[in-house]
Amino acid sequence: MTTLPKLDEFRTAFIGAGNMARSIIGGMLAAGIDPSRVSAADPLATNLDALKTLGLDRVTPANISLLPEADAVLLAVKPQVMQSVCRELAPVLGGDHLVISIAAGISTASLRDWLGDDPRIVRCMPNTPALLRAGATALYSGMPLSDDQQAMAEAILGSVGQVCWVEEETL
């Protein structure tokens, strides 16, 4: 397996540690990222314990505690709690953060409304084969991203399959 470019050059914090988040984390680890560069928060101890078995040391029920060191923040929470999670994170997120949402049905307009315009936002929805590292994920931003931010999104989601950028959010 080829190591993805730039994967070890940034830190990723996962907010939510359910099945898809654990699959992406597993893909990143399989691609060779140092587990110390990945952290995760989840309210369920069972989800955090599952991440510890993957080799992650930085797991916590406290979302905010992970953000100061993170370059990329992957939002992997249920759509019905996304607004409250975003409002909790908004005061700590800034323009240097890349926020990636894998929540179904939550538009980038809603994310910007809840997070503000500072963080760069990417919306995507990995498909089920990503659970086996054979997925295909379309990425959409609708706002300018730096080359590094674009590479971060591609590296994170590319660890579980193919990625492509789309010009329209509906795609």
Side-chain angles (χ1 to χ4, degrees), residues 4-29 31 33 37-42 63-64 66-131 133 135-171:
L4 295 167
K6 301 184 78 68
L7 205 50
D8 262 339
E9 296 178 15
F10 57 88
R11 295 184 182 278
T12 306
F14 284 75
I15 307 300
N19 290 335
M20 190 58 75
R22 287 195 310 272
S23 294
I24 296 169
I25 292 168
M28 293 172 73
L29 296 174
I33 192 170
R37 302 192 75 76
V38 180
S39 58
D42 196 280
N63 295 335
I64 295 287
L66 302 178
L67 300 187
E69 294 179 9
D71 301 300
V73 178
L74 195 138
L75 301 175
V77 298
K78 300 280 186 209
Q80 59 267 28
V81 298
M82 183 64 82
Q83 181 176 2
S84 63
V85 168
C86 287
R87 293 207 189 271
E88 173 193 0
L89 302 176
V92 185
L93 291 172
D96 292 338
H97 285 106
L98 174 67
V99 176
I100 301 169
S101 171
I102 65 168
I106 304 294
S107 69
T108 55
S110 293
L111 293 168
R112 276 194 302 277
D113 183 45
W114 303 330
L115 292 170
D117 288 327
D118 281 343
R120 303 292 89 193
I121 297 170
V122 171
R123 180 177 175 211
C124 61
M125 188 65 243
N127 61 359
T128 305
L131 298 170
R133 296 185 194 99
T137 304
L139 306 171
Y140 172 79
S141 180
M143 59 178 36
L145 299 175
S146 70
D147 290 344
D148 284 345
Q149 290 168 329
Q150 194 168 349
M152 278 191 273
E154 291 171 9
I156 292 166
L157 278 302
S159 70
V160 291
Q162 297 179 8
V163 296
C164 69
W165 289 92
V166 295
E167 296 292 321
E168 297 176 35
E169 189 166 10
T170 56
L171 298 176

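Note that this is a predicted model, so its numbers are computed, not measured.
- Among residues two or more places apart in sequence or in another chain, the salt bridge (charged side-chain N to carboxylate O under 4.0 Å, His left out) test is passed with Glu88 by none.
- Contact annotation: the side chain of Leu89 approaches that of Ile64 to within less than 4.5 Å [non-hydrogen atoms, C-beta and beyond].
- Taking all atoms of both residues into account, the shortest heavy-atom contact from Val92 to His97 is O-CE1, 3.7 Å.
- Interatomic distance, Trp114 CH2 to Leu75 CG, rounded to the nearest 0.5 Å: 10.5 Å.
- Taking CD of Glu154 as the reference point, atom SG of Cys164 lies at 10.0 Å (rounded to 0.5 Å).
- For the pair Arg112/Ser107, no side-chain contact is recorded, criterion being any heavy-atom separation below 4.5 Å from C-beta on.
- Scanning both residues, Phe10 and Arg37, for their nearest heavy atoms gives O-NE, 3.2 Å.
- Note that CE of Met152 is 11.0 Å distant from CG of Asp147, once rounded to the nearest 0.5 Å.
- When side chains are defined from C-beta on, Ile33 counts as touching Val38, because their heavy atoms get closer than 4.5 Å.
- Not counting sequence neighbours, Gln162 has no partner by the side chain to side chain donor-acceptor pair (under 3.5 Å) test.
- Asp113 has its side chain within reach of Arg87: a pair of non-hydrogen atoms, C-beta onward, lies under 4.5 Å apart.
- Taking Ala76 as the reference, Ala21, Leu74, Ile102 meet the side chain to side chain contact (heavy atoms under 4.5 Å, CB included) condition, with sequence neighbours excluded.
- Formation of a donor-acceptor pair under 3.5 Å by the Ser141 side chain with backbone atoms of Ile121 is found in this model.
- No donor-acceptor distance shorter than 3.5 angstrom exists from the side chain of Glu169 to the backbone of Gly142, with no hydrogens or angles considered.
- Smallest separation of non-hydrogen atoms from Leu111 and Cys86: CD2-SG, 3.9 Å.
- Taking both residues in full, the closest heavy atoms of Ile106 and Arg123 are given as O-NE, 2.9 Å, listed atom of the first, atom of the second, then distance.
- Taking each heavy atom of Val160 and Gly27 in turn, the nearest pair found is CG1-CA, 4.2 Å.
- For the atom pair CG of Leu139 and CD of Gln150, the computed distance is 8.5 Å after rounding to the nearest 0.5 Å.
- Here the straight-line distance linking atom OG of Ser146 with atom CG of Asp96 works out to 9.0 Å at 0.5 Å rounding.
- With rounding to the nearest 0.5 Å, the separation of CE in Met28 from CG in Leu157 is 9.5 Å.
- When all heavy atoms are compared, the tightest approach of Ile156 to Ala72 is CD1-CB, 3.8 Å.
- Using a 4.5 Å heavy-atom cutoff, the side chains of Arg22 and Phe14 are not in contact.
- Other residues, nucleotides and ligands place no more than 12 heavy atoms under 6.0 Å from the CD atom of Glu167.
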